[in-house]
Each structure stands twice: as structure tokens, then as C-alpha cells.
2 protein chains.
Amino acid sequence: MGSKQQLTERIGNLLRESKLSVTDTRTKILELFMKSNGALEHSDFEKLTGSSFDRVTVYRTLQTFLDKGIIHKIPTTDTSVRYALCKSECTEHDHHDHHVHFKCEECGNTVCLEETNVPAIHLPKGYAAHNVEVVVSGVCKSCK
Amino acid sequence: MGSKQQLTERIGNLLRESKLSVTDTRTKILELFMKSNGALEHSDFEKLTGSSFDRVTVYRTLQTFLDKGIIHKIPTTDTSVRYALCKSECTEHDHHDHHVHFKCEECGNTVCLEETNVPAIHLPKGYAAHNVEVVVSGVCKSCK
DNA sequence: ACAAATATGCAACAATGTTGCATATTTGTG
DNA sequence: CACAAATATGCAACATTGTTGCATATTTGT
């Protein structure tokens, strides 16, 4: 079990690696991502932090993390935008998710299934694929 | 080639089958769907109709069509919500899309690839899948 | 410890989505 | 065809979500 101190150190390193300065907001938001192990949307940050940060700062922080390849977006069928931590294979300039996203209809949580690969899709003639997003909805392990 | 009159008649029948009254708004919006052959988002309706309908009416109309299984939503990674016409296999109570959605990075259009089947996804133990959404992004036929 | 670079918070705004209610349209019936 | 009941629409007012400019605060490298 990593202590709180170790987590904070890990986050600091991650930020420095991405050439970002280490600030309270960024540390706290990354902490939330690492603890949640699922996808978060903007409103979660206001709830989870007790709105200790300005809305604008949260938007800008998420955008920065996206730009640096620290987090990625997950497709949804509503107006919310969900974000999840990227694994090591994502970098600033080469940014793919090679895993499947699962949204539980019971608890509403969305998680990344790192072990589940996205299958190859055979497209009709004339279409060129760059990226494939798969979102499975159903009932998750914990809600079963 | 179906004439305008035939299209209007077809739309009227579709609405009556769903036990909805036939109104100008609904007819016009379905007409747009049938002509576009792709996914539309809310702002498209205001553009395409020259904002002849109230925003609220458009929102309510889309919700009604969703409820009746006439249209379905397509996942996106932004705040927009995209809708597309359902094919005949969708009904009010059994509502799946068994096809792949393709979003072109050039023209921004999203289309349903009816011929392309969604592959089976092998989930980790404990997860039950109800629905699988696949969105491929890349370059479409016309933009190639 | 300092200056330069960067991040934050506030205010003001823009865009998007929702609700209640009065008015208008559509539908089924005679 | 005319009428009443059911349904849909449009307006106003509001709630939520996301954006921009700019002054202040924090972080970083020296």
C-alpha cells in the first residue's frame, strides 16, 4: 500500500515529466483520478473537492492534462465529458486508447478495461480508420 | 426517386405508427434526418431550418423520437449529442444499434455504417454486456 | 531571495438545456 | 364539417455548463 506521501511524490514526478509545474490543483485532481480508478466528469471534481477550486481552473487543468496525454476522453451519449487516466503508452503526440470502456447501468460508473483489446473493425471500401472507440454498457462486477 | 410528396407521406405513416400526431415540426425534422443520411446534432436543426422552430420544441421533439425508438444517440467525446435515424429493427422497447458509427475527421460528418457489424467483445469475468457502441474516426469515402 | 514564467481566481459573458404555463394545432367523434 | 378533448408549440424565465480577458498569486530556475 502506498502512503499518501508516496502518492504525492508520484504525482509530482508525473507532472515534472510532462514539464508542468506542480501545483495544488493539479496534484489534487490527479489524486482523485488515481483514487477513483474510473472515469470522472467535470462535476465530480466540484463534488469531490468540495468546490475548493474555481470552475475555470478545473477546466483548464483538464485541458492541460489532455494536451500532455496524461488523461483521455471517453465517449458518452449525453452532454457530459468523461475523462480517465492514460496508461504509459500514451504520449503527447501519439494518443490512442487501445482498451475498451465499460459503463455500468447500475452504478453509473465508467471504467477502463485495460486487459480487453479493441477488435479490428472491417470497414467498407473507401474508409480509412485512425481510431476506434468501444463503449460497452451493462452491469459491472460490483453491481452483479 | 421518391417525390417530396411521397417522402411526406412516408413520414406521416412513420409518425402514426408510433402513435404520434403529425405536426409540422416533426415532419420537418424527420425530413432533415432522411435527407442527411448522417448524424445530426441539435444545432444542425436550427441551422437547417433557419431557426423556424423554437429551441424547446426541437429538444422535446428529439426526446419524443428517442422514446419511440425512431432515432438513437451516438456517443461522442465532446458535449454535443448526435442523433441518427434508427432502422426498422429498433422498437420502443428493444433498442439496439448493431452497426458501427463512423466519424470523419475531415468533414466532421458522422454516418452509420449499416453493413459493418459490431464484433463480439470478450469482457473480463463478472461483467455482463447489454449494448456495445463502436465509433470509428478517420477519413470517409468522400473526403479521401 | 529574486525575476521571469506560469497558474489561479474573479467577473462577465456565451452557449446549451430545462420547466411552467398560456395558446395553438391535431385528432377522434358525432 | 364542427366540436371537444388531447396533444404539441412557443414564450419567458431560469439552471447548468463552458469560455475569455485580465489582475493577482504561485512556482520555477538562477
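Remember, predicted model here, so these are calculated numbers, not experimental data. Chain identifiers are assigned alphabetically (A, B, ...) following the order of the sequence lines, protein sequences preceding nucleic acid strands; residue numbering begins at 1 within each chain.
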Partners passing ring-ring contact (aromatic ring centres under 6.0 Å, His included) against B:Phe45 (at least two apart in sequence or in another chain):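 Once residues adjacent in sequence are excluded, the partners of B:Phe45 under the ring-ring contact (aromatic ring centres under 6.0 Å, His included) criterion are B:Phe33.
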Please enumerate all residues that pass ring-ring contact (aromatic ring centres under 6.0 Å, His included) together with B:Phe53, with sequence neighbours excluded.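 In terms of ring-ring contact (aromatic ring centres under 6.0 Å, His included), with neighbours along the sequence ignored, B:Phe53 is linked to no residue.
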Can you measure [X] atom [atom1] to [N] atom [atom2] for me and round it to whole angstrom units?
{"X": "A:Arg26", "N": "D:dA25", "atom1": "CZ", "atom2": "P", "result": "19 Å"}
{"X": "A:Lys28", "N": "C:dG9", "atom1": "NZ", "atom2": "P", "result": "14 Å"}
{"X": "B:Glu41", "N": "C:dT16", "atom1": "CD", "atom2": "C1'", "result": "11 Å"}
{"X": "A:Asp44", "N": "D:dT16", "atom1": "CG", "atom2": "P", "result": "16 Å"}
{"X": "B:Leu30", "N": "D:dA8", "atom1": "CG", "atom2": "P", "result": "13 Å"}
{"X": "B:Gln63", "N": "D:dT7", "atom1": "CD", "atom2": "P", "result": "17 Å"}
{"X": "A:Leu15", "N": "C:dT6", "atom1": "CG", "atom2": "C1'", "result": "13 Å"}
{"X": "B:Phe45", "N": "C:dA15", "atom1": "CZ", "atom2": "C1'", "result": "18 Å"}

Report the C-alpha separation of B:Leu85 and B:Phe65 in whole Å, then their side-chain angles, then the decisive distance to 0.1 Å, and conclude whether the side-chain contact (heavy atoms from CB on, under 4.5 Å) test is met. CA-CA 9 Å; B:Leu85 273 186; B:Phe65 288 171; over 6 Å; no
Show the distances under 3.5 angstrom between N or O atoms of the protein and N or O atoms of nucleotides 28-30 of chain C.
none

Scan B:Thr79 against the nucleic acid and name what it touches under 4.0 Å (heavy atoms): base, sugar-phosphate only, or nothing.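 Contact class for B:Thr79: sugar-phosphate only.
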What is the nucleic acid contact for A:Thr25, judged by heavy atoms within less than 4.0 Å: base, sugar-phosphate only, or nothing?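 Here A:Thr25 touches the backbone only, sparing every base.
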Sequence neighbours left out, cut at 3.5 Å: what donor-acceptor pairs do the side chains of residues 115-122 of chain B make with other protein atoms?
none

4.5 Å side-chain heavy-atom contact, B:Cys140 and B:Asn109: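 Of all side-chain heavy-atom pairs linking B:Asn109 with B:Cys140, none is under 4.5 Å.
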Which of residues 52-62 of chain B have a heavy atom under 4.0 Å from DNA chain C?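 Nucleic-acid contacts, sorted: B:Arg55, B:Val56, B:Tyr59, B:Arg60.
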Could you list the residues that satisfy side-chain contact (heavy atoms from CB on, under 4.5 Å) with [X], not counting sequence neighbours?
{"X": "A:Asp24", "value": "none"}
{"X": "A:Thr57", "value": "A:Thr25, A:Asp54, A:Thr61"}
{"X": "A:Asp44", "value": "A:Leu40, A:Glu41, A:Lys47, A:Leu48"}
{"X": "B:Arg55", "value": "B:His42, B:Glu46, B:Tyr59"}

From A:Cys86 SG over to A:Leu66 CG, what is the distance, rounded to the nearest 0.5 angstrom?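 Atom-to-atom, A:Cys86:SG and A:Leu66:CG are 8.0 Å apart.
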Reported NZ-to-CD distance for the pair B:Lys103 and A:Glu133, which is rounded to 0.5 angstrom: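 So the NZ of B:Lys103 and the CD of A:Glu133 are separated by 11.5 Å.
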Stem segments of DNA chain D by first residue number [Watson-Crick or G-U, under 3.5 Å, at least 3]: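 Stems found: C:1-30 with D:1-30.
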Return a table of donor-acceptor pairs under 3.5 angstrom between the side chains of residues 7-15 of chain B and protein atoms on other chains or two or more places apart.
unit_1, atom_1, unit_2, atom_2, d
B:Thr8, OG1, B:Lys4, O, 3.0
B:Asn13, ND2, B:Glu9, O, 3.4

Any protein N or O atoms within reach of nucleotides 26-30 of chain D? Criterion: under 3.5 Å, listing atom names and distances.
unit_1, atom_1, unit_2, atom_2, d
D:dT28, OP1, A:Val22, N, 2.8

Main-chain N/O of A:Gly38 paired with A:Ser36 side-chain donor or acceptor, under 3.5 Å: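 Yes; at least one donor-acceptor contact below 3.5 Å.
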